[in-house]
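Some notes on the structure that comes next.
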Amino acid sequence: MARTQKKVDAVIVGLGWVGSVMAMELTAAGLDVVALERGPDRKTVPTFAYPKIADELRYAVRYELMQRPADSTVTIRHNTGQTALPYRRLGSFLPGTGVGGAGAHWNGLLWRPNAEELRLKSYIDERFGADIIPDDMTIQDFGVDYDELEPYFDRFEKIVGVSGKAGNLNGAIMDGGNPFEAPRASEYPMPPLEQTYDAVLFAEAARNLGYHPFPKPAANASQVYTNPYGMQLGPCNYCGFCERFGCLNYSKSSPQTCVLDALYQRQNFEYRTNATVLKVELAPDGKTATGVTYADAKGEEVFQPADLVILAAFQLNNVHLMLLSGIGPPYDPATGAGAVGRNYAYQMTGATSLFFKNIDFNPFVGAGANGVAFADLALSQMDFAKNGFIGGGYQSSQQTNGQPIHHLPLPDGTPAWGAGWKKAVGEHYGHSMDIVLQSTNMPYRDAYLDLDPTYRDPFGRPLLRMTFDWRPNELKQAQFFKEKAAEFGREMGADASSSFYPDGHYDTRVYQSTHTVGGAIMGTDRQTSAINRYLQSWDVHNVFAPGANAFPQNFEYNPTGMIGALTLWAARAIREDYLANPRPLM
Amino acid sequence: MTDFAIDRRDLLLNGVASVAILALGGLAPAMAQAGPDTLENYKPVYFDAAEWAFVMAATDRLIPADGEGPGALATLVPRFIDRQLAGDFGKASRWYMQGPHDPDASPLFGFQLAQTPAEIYRIAIPEVDAHCRTTYGETFAALSDADKDAVLHDLETGEVDLKTVPAADFFAMLLANTKEGYFADPRYGGNHGMQAWTYIGFPGARASFREWVGQQNTPYPLGPVSIGGERA
Ligand SMILES: Cc1cc2nc3c(=O)[nH]c(=O)nc-3n(C[C@H](O)[C@H](O)[C@H](O)COP(=O)(O)OP(=O)(O)OC[C@H]3O[C@@H](n4cnc5c(N)ncnc54)[C@H](O)[C@@H]3O)c2cc1C
Ligand code: SF4
């Protein structure tokens, strides 16, 4: 029998960006809140302290801060005809664990999606006609518009503390920013980061090619900053150990630097670590949750009763918990019925390295979100009929980690070992720069998540199964952008190049991004979405599931700006509407 | 590197340790201080003698001593691999190891073997040596450099059939571990004297470059530091 804890107003599963910001909002409304985090506690000191953190092998190669597949993983297959195999060793995506979640070891690119991307189905229907969408491409609107979310993007950017330059301030196009972005109500909280030489060269080439380059919005502080919670950031020192590491310098925005110490001061907040939530428990009628059952550090089961359950466990885990707990009907790709698991999508990424014998780039001088981008080929700027694919993306320079084990680009044709390899690492290290692509990924009828029939986790629960592969639409898109990057090589007079763009089946070994999305998507129709426009389960009204699981398809930008805005949007609905009268909000 | 390094490598591979020769010139200060830190003095904690001979010989071909830059032996890469296999990595303690296993799965699905890295080395090395004896009449370590390279190439492309583990999987792991040992912080036993970092111009654990951001096309002037406080 599970031990039972004292009942609380709200239990939050996971203490990353979503969990910590939601906890601030709910404790501010006077609720007693308990957060349960499966991983260990993590604080800037001692966890991220110098010099121990400057260890590529431990953090960037062995993934010390990330989810251990031994404890929790997924199975993957390319199509419904295959037997899915466990993702035994991390590769293509790196889910977080521990206090701060992936928000501790992310890069800090903090974007907003295009307005068009939030109402993609409507936009395509209006602009190109519904017929342009292939039959098996299940594009949907998010059910919430950019204008509604703008105040929440704005507030999340102020909580996070972003360095950037507005391109569209209340409709006025601003020099130096992204002219294609949707209107924003205020400037970024901090001016842009100073740029490394690769970015200077990239921006010049972009202008020559007719693009409009701008500094990427960076949650790496460019100066001193105090956020609305009273948390302080100091300027980034370009330590070069950012992505996959915790920040040693209180400069990278994370739950640790932006939220948690403020949260820990609240008397009505408590958190428990090494507490893995196994299941959300439902009342006999299945219409409400009574709390969650978790395994504590000793593996003992504990029931935590609560009036409100917030799933803040990251996209994959939110979907997993919903399937395990029977929150909403599971999706069946054969019939299209059921919504939980529907519309899993990823991010189409790629990279081109350009080599210049005579330029010293000092690639170890890097910040997580350093670089210059252009959005002239954003989804909102693309003619799908002409291009032959539905999608768009941004390309940018990126000097974030010149660490030689996992990031030492070499020109195509270089031997992988032997004297030729050794000569090449000596010649080319420090003499290359990267152009990276991030682009959209459309959803498909049989790209989805469900429970694996064979493989189990250490608690005996079925693993989450991912059925996913690249489709012709996305592969065509990748080649389109690969060619654009090659134009930069020619424009800049590179001596040599190398590149990685998916050109066949999904390769689970190569890191591409941790931007896994969908599976418990938001919407305004319960037949085709698992949660409503307030991130509330259609079926169990006191369960909310904010996270990238809500995205019906993936937009081209990194997800966390949207995830944060949706968290604040859901928190407002809970505080101002739900608490006074708990019920389905739609 | 100088000819000295090549002489030293021959000594190492032939198992003739000579501290007197190693103390001669050409060593970085950090290395000279670490007198006992040599492969000759090192007692493997995981590998047995035959495995150690293979790993010494194989890593020496994967990152050879000749030409510019240190080789795998000068940087003590075999020591790194030995310690990794004795630790969490060798035990696959972070990886999902539950069956059923499908070793014939497409490589796109990543690691699918039933054995841990430590077990894979233990199984694969005698199988590689057996292959070498059948084909060349000697174990791997006793082959000429050209024959060693041919065997490594055949492992890489899967042309050798290793029976228990796919040759290409073993090769990929060996190569990855070799490069890790070359470039990882010296605390893990390889990258001795931070020679690999010095060679390519990576400043190691310095991790503070604010004033270098705007310096365009200017080589960074300082050598590396390690987590343990070594300087080179
Ligand atoms: C290397 C890397 C770089 C990235 N860079 C960027 C970037 O530049 N820009 C961007 O927008 N995004 C980036 N991301 C993605 C970004 O980190 C995530 O979008 C963001 O952290 C999601 O926040 P979250 O709160 O939903 O999930 P998380 O941060 O993952 O937090 C979820 C927490 O829930 C816990 N949890 C899970 N299951 C359970 C359970 N059953 N019981 C208890 N606790 C549980 C986890 O341990 C975790 O701590 C990056 C990710 C990675 C890995
Ligand atoms: S690059 Fe800057 S923000 Fe990133 S970890 Fe280093 S100091 Fe922190």
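Lettering of chains follows the sequences in order, A, B, ..., and the numbering in each one begins at 1.
- Note on A:Pro69, A:Pro51, A:Ala199, A:Pro415: by heavy-atom pairs under 4.5 Å with chain B, the leading option is A:Pro69.
- With 3.5 Å as the limit, one finds a donor-acceptor pair spanning the side chains of A:Arg62 and B:Gln84.
- When each of A:Phe361, A:Tyr63, A:Phe356, A:Tyr50 is scored by its heavy-atom pairs under 4.5 Å with chain B, the top score falls to A:Tyr50.
- With chain B as partner, the option from A:Thr196, A:Asp198, A:Asn362 having the largest number of non-hydrogen pairs under 4.5 angstrom is A:Asn362.
- A:Leu408 touches chain B through its side chain: at least one heavy atom from C-beta onward sits under 4.5 Å away, while N, CA, C and O do not.
- A donor-acceptor contact shorter than 3.5 Å is absent between the side chain of A:Lys423 and the backbone of B:Gly67.
- Under the 6.0 Å cut-off for aromatic ring centres, B:Tyr121 and B:Tyr46 do not qualify, their centroids lying 6.0 Å or more apart.
- Of the two parts of A:Val365, the backbone and the side chain both hold a non-hydrogen atom closer than 4.5 Å to a non-hydrogen atom of chain B.
- Proximity to chain A (any heavy atom under 4.5 Å) is restricted, for B:Arg187, to the side chain, taken from C-beta onward.
- Aromatic pair A:Phe93/A:Tyr511: ring centres not closer than 6.0 Å.
- Proximity to chain B (any heavy atom under 4.5 Å) is shown, for A:Gln399, by neither the backbone nor the side chain.
- Neither the backbone nor the side chain of A:Leu90 comes within contact range of chain B; no heavy atom of the residue lies under 4.5 Å from a heavy atom of that chain.
- B:Leu175 touches chain A through its side chain: at least one heavy atom from C-beta onward sits under 4.5 Å away, while N, CA, C and O do not.
- In terms of modelled atom types and a separation under 3.5 Å, the side chain of A:Asn79 and the main chain of A:Gln82 share a donor-acceptor contact.
- A:Ile53 does not touch chain B: none of its heavy atoms, backbone or side chain, sits under 4.5 Å away.
- A salt bridge is absent between A:Glu427 and A:Lys357: the closest approach of a Lys/Arg side-chain nitrogen to an acidic carboxylate oxygen does not fall below 4.0 angstrom.
- The shortest side-chain heavy-atom distance between B:Glu180 and A:Glu56 does not fall under the 4.5 Å cut-off.
- Ring pair B:Trp197/B:Phe183: centre-to-centre distance not below 6.0 Å.
- Between A:Asp469 and A:Arg77 no salt bridge is recorded (no basic side-chain N to carboxylate O distance below 4.0 Å).
- Between chain B and the residues A:Arg88, A:Gln403, A:Arg68, A:Lys52, the largest count of heavy-atom pairs under 4.5 Å involves A:Arg88.
- Interface check for chain A: of the options B:His101, B:Gln112, B:Glu211, B:Gln98, the most heavy-atom pairs under 4.5 Å are formed by B:Gln112.
- Taking chain A as the reference chain and counting heavy-atom pairs below 4.5 Å, the highest number among B:Gly204, B:Ser208, B:Ala92 is found for B:Ser208.
- Per-residue heavy-atom pair counts under 4.5 Å with chain A were compared for B:Pro203, B:Gly110, B:Gly201, and the maximum is reached by B:Pro203.
- Most heavy-atom pairs under 4.5 Å with chain A: of the set B:Ile63, B:Asp185, B:Val225, B:Asp102, this distinction falls to B:Ile63.
- No other option in B:Pro107, B:Ala105, B:Ser93 has as many heavy-atom pairs under 4.5 Å with chain A as B:Pro107.
- Closest approach of A:Ala494 and A:Leu354 over heavy atoms only: CB-CB, 3.9 Å.
- With salt bridges taken as basic N to acidic carboxylate O contacts below 4.0 Å, none links B:Arg94 and A:Asp71.
- Top candidate by heavy-atom pairs under 4.5 Å with chain A, chosen from B:Ala196, B:Gly214, B:Pro100, B:Ala184, is B:Pro100.
- Contact of A:Ala84 with chain B is not made at all, since no heavy-atom distance falls under 4.5 Å.
- Residue contact with chain B, scored on non-hydrogen atoms closer than 4.5 Å, involves the side chain of A:Val200 exclusively.
- When heavy atoms are compared at a cutoff of 4.5 Å, B:Asp88 does not approach chain A at all.
- Checked against the 6.0 Å centroid threshold, A:Phe355 and A:His428 count as a close aromatic pair.
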